[in-house]
Amino acid sequence: MDADGRLEIAAGFATALGPRKDNQDFGAVHLGTPSEQALHGMLAIVADGVSGSRAGRVASELAGRTFIDGYLDQSPLKGIAAAGVAALSGYNRWLHAKGRSDPEMAGAATTFTALVMRGREATVLHVGDSRAWHFRDGVLTRLTEDHVLAQPSPA
């Protein structure tokens, strides 16, 4: 908090290269104007592309950018969770159709975790196995549960 009791936000993004040769992570923070902050809040997003091709990176970045634009276009009266779901529903349908029609996008998917802070309320929107955590007074608490498909055991 600053001297006036207002929340100060500092954001950064770090990622580590996994077993693949390219990194398909995408992170974004949208602080917005004071008017946007009052109506919609501040947004932080992490998405991790799921694919063996570059399509995972496309899926994660487009999910993040689409969420920001789509969420800000929603009525704040709709509620944070409903506006967030509405912001990504069209993108989800597009990505699924693109994966079926474009060989370069076949199998493209992404995890998605967003935090919307509006007023004194924080809402997490989440799908996949990227995680959101809460850190207070030296205690780290996981806020999300992983959504993963069971994989067959190697023979």
Side-chain angles (χ1 to χ4, degrees), residues 1-18 20 22-51 53-99 102 104-105 108-148:
M1 298 278 184
D2 68 8
D4 297 328
R6 295 183 322 175
L7 181 64
E8 291 184 22
I9 300 291
F13 182 73
T15 185
L17 188 61
R20 293 185 294 228
D22 63 334
N23 192 321
Q24 299 179 350
D25 298 343
F26 180 79
V29 173
H30 180 82
L31 299 178
T33 65
S35 175
E36 282 179 329
Q37 288 177 10
L39 292 173
H40 297 287
M42 296 174 278
L43 316 174
I45 296 137
V46 173
D48 180 9
V50 179
S51 175
S53 66
R54 78 175 184 91
R57 171 60 184 185
V58 172
S60 66
E61 184 169 347
L62 284 177
R65 293 181 184 280
T66 299
F67 177 78
I68 292 169
D69 292 341
Y71 175 78
L72 295 174
D73 283 344
Q74 301 293 315
S75 167
L77 299 176
K78 189 178 247 184
I80 294 171
V85 169
L88 282 180
S89 292
Y91 171 72
N92 189 47
R93 286 189 301 276
W94 174 85
L95 183 61
H96 179 72
K98 192 73 170 166
D102 182 347
E104 289 193 26
M105 294 290 288
T110 186
T111 68
F112 182 84
T113 303
L115 174 69
V116 179
M117 295 175 291
R118 182 171 72 183
R120 298 184 59 84
E121 180 180 10
T123 302
V124 175
L125 300 112
H126 167 75
V127 65
D129 61 358
S130 294
R131 296 179 180 157
W133 299 82
H134 178 261
F135 184 72
R136 178 184 287 166
D137 300 327
V139 177
L140 189 62
T141 306
R142 193 161 116 188
L143 298 175
T144 56
E145 294 294 326
D146 291 354
H147 307 119
V148 294

*side-chain hydrogen bond (donor to acceptor under 3.5 Å, both in side chains): pairs with one or both residues in residues 30-39, sequence neighbours excluded*: His30-Glu36
*asked:* Check this for me: Arg142, atom CZ, are more than 12 non-hydrogen atoms of other residues, nucleotides or ligands nearer than 6.0 Å?
replied: yes
*Are Ile45 and Ile68 side-chain neighbours, meaning at least one heavy-atom pair lies under 4.5 Å?*
yes
_Residues in salt bridge (charged side-chain N to carboxylate O under 4.0 Å, His left out) contact with Asp69, at least two apart in sequence or another chain_ = none
*Residues two or more places apart in sequence or in another chain: which of them pass side chain to side chain contact (heavy atoms under 4.5 Å, CB included) with Asp73?*
none
*Do Phe26 and Asp48 touch side chain to side chain, with heavy atoms closer than 4.5 Å?*
no
*asked:* Just to verify, what does Ala63 make a side chain to side chain contact (heavy atoms under 4.5 Å, CB included) with, not counting sequence neighbours?
replied: Tyr91, Thr110, Phe112
*asked:* Going by the rule side chain to side chain donor-acceptor pair (under 3.5 Å), which residues pair with Asp146 if we only count those two or more places apart in sequence or in a different chain?
replied: Arg131
*Side-chain heavy-atom pair Leu125, Val116 within 4.5 angstrom cut-off*: yes
*asked:* Using side-chain contact (heavy atoms from CB on, under 4.5 Å), reason through Leu88 and Tyr71 one step at a time and then give a plain yes or no.
replied: CA-CA 8 Å; Leu88 282 180; Tyr71 175 78; over 6 Å; no
*Which atom names give the shortest non-hydrogen contact between Met117 and Ala122, and what distance separates them?*
CG-CB, 4.2 Å
*If you take all heavy atoms of Met105 and Leu95, which pair is closest and at what distance?*
CE-CD1, 3.7 Å
*Glu121: what forms a salt bridge (charged side-chain N to carboxylate O under 4.0 Å, His left out) with it, not counting sequence neighbours?*
none
_Which residues pass the side chain to side chain donor-acceptor pair (under 3.5 Å) test with Thr111, not counting sequence neighbours?_
Ser130
*Tell me the salt bridge (Lys or Arg N to Asp or Glu O under 4.0 Å) pairs involving residues 78-97, sequence neighbours left out?*
none
*For His126, all residues meeting side chain to side chain contact (heavy atoms under 4.5 Å, CB included), sequence neighbours excluded*: Thr113, Val124, Thr144, His147
*Would you name the heavy atoms of Ala59 and Ala109 that are closest together and state the gap between them?*
CB-O, 3.7 Å
*Search all heavy atoms of His40 against all heavy atoms of Pro76 and return the closest pair with its distance.*
CE1-CD, 3.8 Å
*How close do Gly70 and Ala87 get, heavy atom to heavy atom, and via which atoms?*
C-CB, 3.5 Å
*Check salt bridge (charged side-chain N to carboxylate O under 4.0 Å, His left out) between Arg65 and all other residues, then give those that pass, not counting sequence neighbours.*
Glu61
*Quick one: list whatever passes side chain to side chain contact (heavy atoms under 4.5 Å, CB included) with Leu140, sequence neighbours left out.*
Trp133, Phe135
